[in-house]
Amino acid sequence: MAGEKTGFWYDGAWHEGRYLEIEITDPGWLYGATVFTTLRIYNSSWEHPLTHWQAHRDRLQKSLATLGWQQPDWSRVEAGLQVHCDRAAVLRVTIFPDGRELIFGRPLPVNVTQWQQEGINAWVADGAEFRRWYPAHKTGNYLPAWQAKQQAGSVAAQEAILTDSQGNWLETSTGNLWGWMEGCWVTPPATGEILPGIARAQLLQWLKKRRIMVAESPFTPELVQQLSAIAYSNSVVEVVPIRQITDSDGQTRYFPKIEVVRELQAFWKHHPAAIAHQGDATQS
């Protein structure tokens, strides 16, 4: 990237600075009444295959239709993406109930490469107060997941794992869970209690295409005990191993088989678009 520059795209125009003027009665401000998606820009292009913009757009459209909100002018949204492409590595696209769009960028997490190689620590956020509202949709009211991540930080963990009323693990505060068990990858099913992540969908398709065993199954306490490796995925960090998990009682379990997770991470290295980009870099 040429370097992140201060500014954002809102309601069809570019705005300098970091402050947005909005009515105090706007439901997006009052109630978090927005839907959003976060995408990583590859090779300075929102149209790059690894960015998966169409999948992000499809999920936004589905959420807006389900909530009965107005669809935005998608050509205007894509104009905002284009303006941002050489400005930031990660873009958040937010849509308001009346169809207004807000797009702003940020850099990749500074430790993302280290996380991918060495793994992170996680904390189990056990309790209904940490479960996301409208979990199948990425709405602006993200307080439970945000709060869980803040509390994870207080115990030196980088992620929180959200649970259901039976104690089953659902997802992390920012991504989808993956586990390795007896030669098979397992991920919680998208039955309305988790966000169907874009990276999750791409990985499922890729694993099945390569005939690597993968199953969608609830992460019950019994299943978790059988896992020898755990990771999480999202569109920004791709796949990150989780090396240790501390539960709400302070008990810590270790998952040292980080090397197994390289199989999931290979999706981004073996994708035809990634290979082509590596070839271009070699020839230049």
Side-chain angles (χ1 to χ4, degrees), residues 1-20 34-61 63 71-96 100-117 138 140 174-176 195-203 205-206 232-240 262 264-284:
M1 295 294 168
E4 286 73 15
K5 300 178 182 179
T6 303
F8 58 93
W9 178 274
Y10 173 66
D11 202 18
W14 174 258
H15 299 259
E16 296 290 342
R18 298 182 59 85
Y19 296 94
L20 169 65
T34 61
V35 294
F36 75 97
T37 194
T38 307
L39 56 150
R40 179 169 172 173
I41 299 298
Y42 289 85
N43 202 24
S44 299
S45 173
W46 60 273
E47 296 179 293
H48 191 279
L50 283 174
T51 298
H52 297 298
W53 163 242
Q54 188 60 53
H56 286 276
R57 173 173 165 167
D58 290 346
R59 189 174 65 185
L60 285 170
Q61 287 178 309
S63 292
Q71 297 285 336
D73 180 336
W74 290 105
S75 64
R76 205 165 70 176
V77 172
E78 292 175 353
L81 294 177
Q82 183 62 44
V83 169
H84 269 292
C85 275
D86 64 347
R87 298 173 182 265
V90 179
L91 298 183
R92 171 169 167 148
V93 180
T94 300
I95 309 296
F96 290 80
R100 281 172 294 146
E101 78 283 357
L102 168 64
I103 305 172
F104 60 88
R106 60 179 172 84
L108 285 170
V110 294
N111 296 325
V112 64
T113 301
Q114 180 183 357
W115 292 346
Q116 290 171 340
Q117 294 300 315
K138 205 163 185 175
T174 65
N176 293 114
L195 181 74
I198 305 302
R200 174 185 180 277
Q202 298 298 326
L203 279 170
Q205 182 180 15
W206 184 74
Y232 78 102
S233 66
N234 66 40
S235 294
V236 174
V237 302
E238 299 172 351
V239 172
V240 169
R262 306 297 178 226
L264 296 180
Q265 294 173 335
F267 168 75
W268 283 268
K269 293 182 179 180
H270 295 168
H271 191 284
I275 294 172
H277 179 57
Q278 293 166 7
D280 292 342
T282 302
Q283 295 167 13
S284 62

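In what follows, residues are counted from 1 in the order of the sequence shown. Source: prediction; values computed, not measured. Values below: all heavy atoms of this structure, side chains included; hydrogens, waters and symmetry mates excluded.
Counting only heavy atoms from C-beta outward, the side chains of E47 and Q54 never approach each other to under 4.5 Å. Counting only heavy atoms from C-beta outward, the side chains of Q202 and S235 never approach each other to under 4.5 Å. Under the 4.5 Å side-chain criterion, counting only non-hydrogen atoms from C-beta, R76 is in contact with D11. Between Q61 and D58 there is a side-chain heavy-atom pair separated by less than 4.5 Å. No side-chain heavy atom of R40 sits less than 4.5 Å from a side-chain heavy atom of H52.
Aromatic pair H84/W14: centroids less than 6.0 angstrom apart.
Side-chain atoms of T37 and R59 form a donor-acceptor pair, as typed in the model, at a separation below 3.5 Å. Between S75 and D73, the side chains place a donor N or O and an acceptor N or O closer than 3.5 Å (distance only, hydrogens not considered). Judged purely by distance below 3.5 Å, without hydrogens or angles, the side chains of W46 and E78 never pair a donor atom with an acceptor atom.
Y10 and F96 have perpendicular rings, their planes meeting at more than 60° on a 0 to 90° scale where under 30° would count as parallel.
A side chain to side chain contact (heavy atoms under 4.5 Å, CB included) with V236 is found for one member of L108, V112, T174 and no other, namely L108.
Looking at every heavy atom in both residues, L264 comes nearest to W268 through O-CZ3, 3.8 Å. The shortest non-hydrogen separation linking I41 to T51 is CA-OG1, 3.9 Å. Of all heavy-atom pairs spanning R106 and T38, the tightest one is NH2-CG2, 3.9 Å. Minimum interatomic distance between A88 and G105 (heavy atoms only, all atoms of both residues): CB-CA, 3.6 Å. Between S63 and V35 the shortest heavy-atom distance is CB-CG1, 4.1 Å. Residues G80 and W9 approach most closely at CA-CD2, 3.4 Å, considering heavy atoms.
Taking CG from L20 and CG from L102, the interatomic distance works out to 6.0 Å, rounded to the nearest 0.5 Å. Note that OH of Y42 and CH2 of W53 are 16.0 Å apart. Values are rounded to the nearest 0.5 Å. In this structure, CG on L195 lies 10.0 Å from CG on N234, to the nearest 0.5 angstrom. Taking CZ of R57 as the reference point, atom CG of L39 lies at 13.0 Å (rounded to 0.5 Å). A distance of 9.0 Å separates CD in Q116 from CZ in R262, rounded to the nearest 0.5 Å. Here the straight-line distance linking atom OG1 of T34 with atom CZ of R100 works out to 10.0 Å at 0.5 Å rounding.
Panel note: side chain N176, backbone S233; no donor-acceptor pair is recorded below 3.5 Å. In this structure, the side chain of E101 does not engage the main chain of P72 through any donor-acceptor pair within 3.5 Å. Side-chain atoms of Q265 come within 3.5 Å of backbone atoms of V239 as a donor-acceptor pair (strictly under, hydrogens ignored).
Taking the centre and axis of the six-membered ring of F104, the NZ or CZ atom of R92 falls outside the cone set by 45° and 6.0 Å.
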